[in-house]
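Here's the structure, in structure tokens; my notes come after.
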Number of protein chains: 2
Amino acid sequence: MVDQVVTYLQQHQDTYIEQLKEFLRMPSVSTDSSHHQDVRNTAEFVANFLSNAGFKKVEVQETEGHPLIFAEWLEAGTNAPTVLFYGHYDVQPPDPLDQWKSQPFEPDIRDGRLYARGASDDKGQVFMHLAVFDAFFKTTGELPLNVKVCIEGEEEIGSANLYQLLESKKEQFQADFAVISDSGMVANDQPTILYGLKGFTGLEFTLKGPDNDLHSGMYGGAVRNPAMAMAHLLSTMKSEDEVVQIDGFYDQVEPLEDDERQLIQSAPGEDYSTSTGAPEAVSEKGYTAKEHTMARPTLEINGLYSGYQGEGTKTIIPSTATAKLTCRLVPGQDPQDIQDLVVQHIENHLPAGVTLSIKREPLSAKAYRVDPNHPFITKAAESLQETFAKDPVFVRMGGSIPVVEWMDSLFDIPVVLLGFGTPDDRLHSPNESFPLDHLTKGMETIVHYWSKVRSV
Amino acid sequence: MVDQVVTYLQQHQDTYIEQLKEFLRMPSVSTDSSHHQDVRNTAEFVANFLSNAGFKKVEVQETEGHPLIFAEWLEAGTNAPTVLFYGHYDVQPPDPLDQWKSQPFEPDIRDGRLYARGASDDKGQVFMHLAVFDAFFKTTGELPLNVKVCIEGEEEIGSANLYQLLESKKEQFQADFAVISDSGMVANDQPTILYGLKGFTGLEFTLKGPDNDLHSGMYGGAVRNPAMAMAHLLSTMKSEDEVVQIDGFYDQVEPLEDDERQLIQSAPGEDYSTSTGAPEAVSEKGYTAKEHTMARPTLEINGLYSGYQGEGTKTIIPSTATAKLTCRLVPGQDPQDIQDLVVQHIENHLPAGVTLSIKREPLSAKAYRVDPNHPFITKAAESLQETFAKDPVFVRMGGSIPVVEWMDSLFDIPVVLLGFGTPDDRLHSPNESFPLDHLTKGMETIVHYWSKVRSV
């Protein structure tokens with residue numbers, strides 16, 4: 001069966017690439033209201049493709065924003081598991097346009113790569129799944145497992161309506177596991193299993209001293225300088241050896257076990273100084289930089305401002321100082337609890353002579369981690385190994401994908417992050433692209449995977 | 001003699017006010033090249049006035065910028081002292097124009113105040129001296145002491161060419177003491193002797209981590225966050241009780257003696273919380289806020305910036321963080337030495353993982369302090385007391401007036417800061433004004449003063 005489907009995909013490769021190009025030509029920029037109709041057309045393209053492939057039930061589900069496409073095929077029997085496949089058909093704006101070598105919505109193949117906005121994120125990766133479903137139906141008349149498809153049109157604008165929709169239709173979307181192909185490999189041709197993501201929480205706060213900027217000569221020595229108060233306050237949050245000093249910050253962190261440290265150790269590393277240009281890598285005391293980025297929580301200042309920022313000197317005492325912070329969280333940490341701890345810390349360490357106002361960032365996410373030895377994961381690893389002829393590496397990532405946490409928390413199911421992107425894809429940037437050989441190998445991997453997991 | 005001159009001034013008050021209005025009508029905005037000719041015309045107005053008053057030697061001294069007016073009358077004999085009177089005839093730009101109730105260059109008298117750009121800073125105060133010289137000549141045919149007049153046209157643009165000019169013509173400008181009327185009283189009708197000013201030195205420095213802003217999820221935990229490094233570094237500079245922690249910062253500070261603390265204590269104070277809107281006043285441990293602002297050195301952050309400053313969240317690790325600092329200095333502290341100490345402190349406390357670049361502010365000034373018991377000062381106090389019928393208060397100011405330091409360092413003479421402005425004058429702002437009774441009382445004070453100091 002597998003060979004038959006893979007052969008079909010190879011024989012029809014040109015057709016599939018033409019269909020993907022059609023998909024990429026549609027400027028489904030979700031954030032831009034002038035593309036409203038384009039986004040809807042794209043949703044309909046997806047719905048039609050799924051119908052034509054063989055899904056009997058395909059729904060365009062309306063939201064307060066852009067529609068979500070739902071499809072299901074549940075005829076594999078109760079012995080076979082049910083997968084919820086998630087992807088998104090909307091894309092980032094293409095700006096700045098003048099930096100594109102070919103038009104963002106006119107797909108172009110150069111040097112084995114397909115260039116277009118969405119080529120990797122996420123139309124290209126969604127299309128691999130669409131093609132594989134199609135090839136299964138066309139060759140075998142069925143799918144090897146029960147499938148629910150959920151392809152939304154608002155991922156690039158924070159999946160504004162997704163959680164509510166999933167929650168209100170929990171039964172409809174319930175499955176045994178979820179698969180998302182919206183991420184990448186650590187290197188070209190290096191199959192990668194992403195088994196963990198960080199959560200996050202954030203806030204911004206302002207220290208106010210005098211009502212207006214003051215003459216630093218007339219008032220220097222009589223009022224607290226909010227910028228200096230801010231420095232004192234921020235410096236209490238993290239030690240110079242990168243350990244967060246907020247009471248309770250690490251209390252609920254699941255310890256990093258030896259076997260996982262070995263797994264992280266074995267993942268290909270990055271010389272952080274070379275890749276970022278920073279004079280040296282630093283990391284939390286007791287952990288390597290790789291462990292810290294993948295599996296330990298962080299607290300970062302994202303923005304800091306106070307007083308005069310122009311050229312030269314302006315001898316003022318600023319009226320206010322503001323800092324923006326986010327914490328990246330690991331399993332065990334509750335975003336709300338951590339936000340509370342940060343607020344408490346700020347309140348407890350507030351210097352005299354300034355008043356405090358805090359804006360809590362409403363968006364947050366829990367961390368996600370799936371057991372790397374879970375059968376749904378090991379089957380994915382086997383499929384990657386067979387297709388790429390190379391053992392996959394297992395990594396956790398410091399980034400956050402809210403939808404992953406939602407699937408975890410709403411459906412209590414493992415989420416398999418089966419990403420085929422590469423570090424060179426230039427997501428969200430001009431000249432986004434996707435390697436054609438990852439497209440074909442990705443499809444082959446998925447064929448293997450569906451066949452393998454039917455018996456899990 | 002005094003009565004005669006004061007009577008003359010009173011009798012000719014209307015004429016003098018008309019002449020002052022003519023002076024104020026001239027838009028001598030030194031920073032605006034479109035007013036180039038206006039500035040020159042104003043210089044000539046001053047020169048003509050001095051000639052007509054009775055100065056035999058009047059020079060329009062050219063600089064690379066706007067001209068300086070020099071005049072002298074040295075016929076009071078060698079027993080009488082020589083004063084160097086300094087003022088400036090240029091003004092700040094009048095913007096924003098729409099906030100003026102009457103036109104900035106069309107003087108208007110309302111409620112006992114003369115409204116116009118320069119009414120207080122410094123044309124109004126310069127003119128008091130011009131009128132007094134004129135009245136002495138007209139009534140007595142002479143001045144009570146030897147006088148050198150120096151009225152520049154570039155004060156509002158940093159006195160760009162003054163130091164060089166004074167230095168190159170040291171003999172010509174040399175005097176026994178200097179008088180400047182370019183400051184104010186602590187309250188309306190409260191005669192004030194300003195016997196000290198702070199110096200200053202400044203710098204800005206940048207901490208650089210990665211070459212670009214980084215994704216805080218991908219790299220959080222692997223590189224130093226420059227904003228946090230900045231917080232750590234800045235927090236080492238000043239304790240929470242407002243004591244500067246830079247090695248050697250206080251080493252050369254002349255101690256504040258008990259009699260001066262009493263003098264400061266007796267000066268009218270300001271509830272710094274009320275006047276600034278800050279939640280409370282703070283000051284250096286061991287000193288009151290009044291002592292700290294007047295007579296103790298300070299270190300202030302004037303500007304601080306790093307990373308994202310827009311609305312909401314951007315989850316980045318900033319590439320750089322920058323701080324702008326100035327120190328206000330007291331007698332004994334050398335600006336260059338202090339700048340060096342700050343640089344040294346920054347270098348010694350530089351966190352790992354960031355590189356440092358420093359921009360030293362080239363402009364600096366030494367602090368200035370004259371002995372409040374110096375005869376040139378006590379005579380000024382007596383003159384104020386006689387005219388205002390109120391004991392003057394003695395204050396030091398946290399601000400810096402570079403020309404004061406230059407006169408001190410070039411000529412080694414006491415500088416008497418005899419300011420008649422009031423806190424309501426709105427210098428540099430729309431609706432600048434000067435109270436007419438301060439104009440007449442100011443002239444009377446000056447008449448008394450010249451007569452008293454002739455015998456010092």
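Just so we're on the same page: letters track the sequence lines, and every chain starts at 1. When reading the values below, keep in mind they use all heavy atoms of this one structure, side chains included, and skip hydrogens, waters and symmetry mates.
- Proximity to chain A involves both the backbone and the side chain of I316(B), based on heavy atoms less than 4.5 angstrom apart.
- The main-chain N or O of T315(A) is never found under 3.5 Å from a side-chain atom of N302(B) such that the two would form a donor-acceptor pair.
- Nearest heavy atom pair, residue G221(B) against residue T293(A), reads C-CG2, 4.0 Å.
- Interface check for chain B: of the options S283(A), A321(A), S216(A), the most heavy-atom pairs under 4.5 Å are formed by S216(A).
- Here the side chain of K359(A) pairs no donor or acceptor atom with the backbone of G312(B) at under 3.5 angstrom.
- Ranked by heavy-atom pairs under 4.5 Å with chain A, the first of E204(B), H215(B), K198(B), E284(B) is H215(B).
- Partner of Y219(A) under the side chain to side chain contact (heavy atoms under 4.5 Å, CB included) criterion, chosen from E300(B), H292(B), E270(B): E270(B).
- The greatest number of non-hydrogen atom pairs below 4.5 Å with chain B, out of L363(A), V282(A), V354(A), is found for V282(A).
- With chain B as partner, the option from G353(A), A222(A), G398(A), P226(A) having the largest number of non-hydrogen pairs under 4.5 angstrom is A222(A).
- When L203(A), N225(A), T313(A) are compared by the number of non-hydrogen pairs under 4.5 Å with chain B, N225(A) comes out ahead.
- Under the 3.5 Å distance criterion, the side-chain polar atoms of K238(A) are left unmatched by any main-chain donor or acceptor of H232(B).
- Interface remark: of the candidates E242(B), M397(B), M230(B), E242(B) forms the most heavy-atom pairs closer than 4.5 Å to chain A.
- The two atoms that bring T298(A) and G220(B) nearest to each other are CG2-O, 3.3 Å, heavy atoms only.
- Ranked by non-hydrogen atom pairs under 4.5 Å with chain A, the options A323(B), A289(B), P210(B) are led by P210(B).
- Among the candidates S273(A), S319(A), P318(A), S400(A), the residue making the largest number of heavy-atom pairs closer than 4.5 Å to chain B is P318(A).
- Note: T326(B) OG1 to Y308(A) OH = 12.5 Å, rounded to the nearest 0.5 Å.
- In this structure, the portions of K208(B) lying under 4.5 Å from any heavy atom of chain A include both its backbone and its side chain.
- With values rounded to the nearest 0.5 angstrom, Q309(B) atom CD is found 10.0 Å from S306(A) atom OG.
- Using a 4.5 Å cut-off between heavy atoms, S235(B) touches chain A through backbone and side chain atoms alike.
- When each of G307(A), S239(A), G277(A) is checked for heavy-atom pairs under 4.5 Å with chain B, G277(A) comes out on top.
- Proximity of a side-chain donor or acceptor of R224(B) to a complementary backbone N or O of E240(A) within less than 3.5 Å is detected.
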>> I'd like to know whether L299(B) forms a side chain to side chain contact (heavy atoms under 4.5 Å, CB included) with M228(A), so could you lay out the CA-CA distance, the side-chain angles of the two residues, the decisive distance to 0.1 Å, and finally the verdict.
In response: CA-CA 10 Å; L299(B) 176 147; M228(A) 185 56 88; 4.0 Å; yes
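- Ranked by heavy-atom pairs under 4.5 Å with chain A, the first of Y272(B), Y305(B), Y287(B) is Y305(B).
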